[in-house]
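All residue numbers in this chain count up from 1 along the given sequence. Hydrogens, waters and symmetry mates play no part in the numbers below; they use all other heavy atoms, side chains included.
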Amino acid sequence: MGITSVLFDIGNVLTDDGHDTYLTHSEHGLLRPAGPIDAADALALTAPTFRKYAVQSTSQEADFWRDINTALRTRFTPQEIAKAKRSSRAINPETLLVFKILKQRGITIGVISNSLSFLYQELSKELLLDDYADKSLCFLSHQTGVLKSNGLFELAAHQLQPECTLIIEDRNKNVTYARSLGFTVVEYSFSSGALLSEAVTNGLKIMRTGTH
C-alpha cells in the first residue's frame, strides 16, 4: 500500500512565517539590525509565550505581542510589528503546485502545526487550505490543545494509518519523533532554499522502496 495522505507543517515549510521570523529575519526582523538581544536568546526567552498561545483555541495578536514584549523587555509597537510581518512574510512558491499534483494523484492533503490561532486564520486563506486540505486532517495545536511535543503526532497516528502517511516537517526532533510513531517523514525547510516538490517526491519514493 502506498502513501494516501500527506501532512504538511506550516511554518518554514509552506511559509516563512511566525513570530520567530518576525523577530529574527536577517533584513526585516524586529531585532535587526543587531540589537541588544541575541536572536537565539530571544527565541529561548519567547518560547514559553509561544507555547502558551499555541494551545489556545482563540487568542488575540495584541495580547501575544504584549507578552513577547514583556519576555524580551522590549517595546515593539503595533506599527513596527505590522511592518515586520508585511516585509518578512513569504509563501512557499511551490505550495499550490504541490497541492494540485497531490490532488490529481488522489492523495489527501492535511496539515500538522503548532499554529497560533490568529496566524492560522491569515495563512489558511493565503495557502487556500479550504480548497485543498481535508479539514479532518488538519491537526492544529490551537484546535486540539496539544503541541507536537505532547500529543499532536499521536492524534494524527490514531486517526490515520501512519504507514500510509507522509509528513513534511522542518524540525529534526519532530522528524525523529514522528518516525518513531510509524510515519514516513521527510525533513525539509523553506529557508534552506530546497524545493518542496523534491521533498514530497522523495517521500513518495521512500514509501515505494521501503527505506528511510
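In this structure, Leu147 is not a member of the same hydrophobic cluster as Leu43, with clusters built from ILVMFWY side-chain heavy atoms closer than 4.5 Å. Ile10 and Phe99 fall within the same hydrophobic cluster, where Ile, Leu, Val, Met, Phe, Trp and Tyr residues are linked whenever their side-chain heavy atoms come under 4.5 Å apart, directly or through other members. Under the 4.5 Å side-chain contact rule for hydrophobic residues, Leu123 and Leu140 share a cluster. With hydrophobic clusters built from ILVMFWY side chains whose heavy atoms lie under 4.5 angstrom apart, Leu137 shares a cluster with Val185. By the rule that hydrophobic residues join a cluster once side-chain heavy atoms approach within less than 4.5 Å of another member, Val55 and Val111 end up as members of separate clusters.
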Practice task
Go through the steps to decide whether Tyr53 and Asp67 satisfy the test side-chain contact (heavy atoms from CB on, under 4.5 Å), and finish with yes or no.
Solution key: CA-CA 10 Å; Tyr53 280 86; Asp67 289 354; 2.8 Å; yes

Practice task
Show the numbers, then the answer: is there a side-chain contact (heavy atoms from CB on, under 4.5 Å) between Phe8 and Leu127?
Solution key: CA-CA 12 Å; Phe8 294 90; Leu127 294 168; over 6 Å; no

Problem - Criterion side-chain contact (heavy atoms from CB on, under 4.5 Å) on Val6 and Ile109, from CA distance to verdict - result: CA-CA 5 Å; Val6 179; Ile109 297 166; 5.6 Å; no

Exercise for the section: List the steps, then state whether side-chain contact (heavy atoms from CB on, under 4.5 Å) holds for Phe153 with Ile167. Expected result: CA-CA 10 Å; Phe153 285 121; Ile167 294 179; 4.0 Å; yes

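In summary, the side chains of Ser59 and Ser117 do present a donor paired with an acceptor at a separation below 3.5 Å, with no hydrogens or angles considered. Between Asn202 and Tyr188, the side chains place no donor N or O within less than 3.5 Å of an acceptor N or O (distance only, hydrogens not considered).
Interatomic distance, Ile81 CD1 to His19 NE2, rounded to the nearest 0.5 Å: 12.0 Å. Taking OG1 from Thr108 and CD1 from Ile3, the interatomic distance works out to 11.5 Å, rounded to the nearest 0.5 Å. With rounding to the nearest 0.5 Å, the separation of CG in Leu23 from OG1 in Thr46 is 6.0 Å.
Classified by interplanar angle (parallel below 30°, tilted 30° to 60°, perpendicular above 60°), the ring pair His142/Tyr120 is tilted.
Relative to the six-membered ring of Tyr177, Lys148 misses at least one condition, a distance below 6.0 Å or an angle of at most 45° to the axis.
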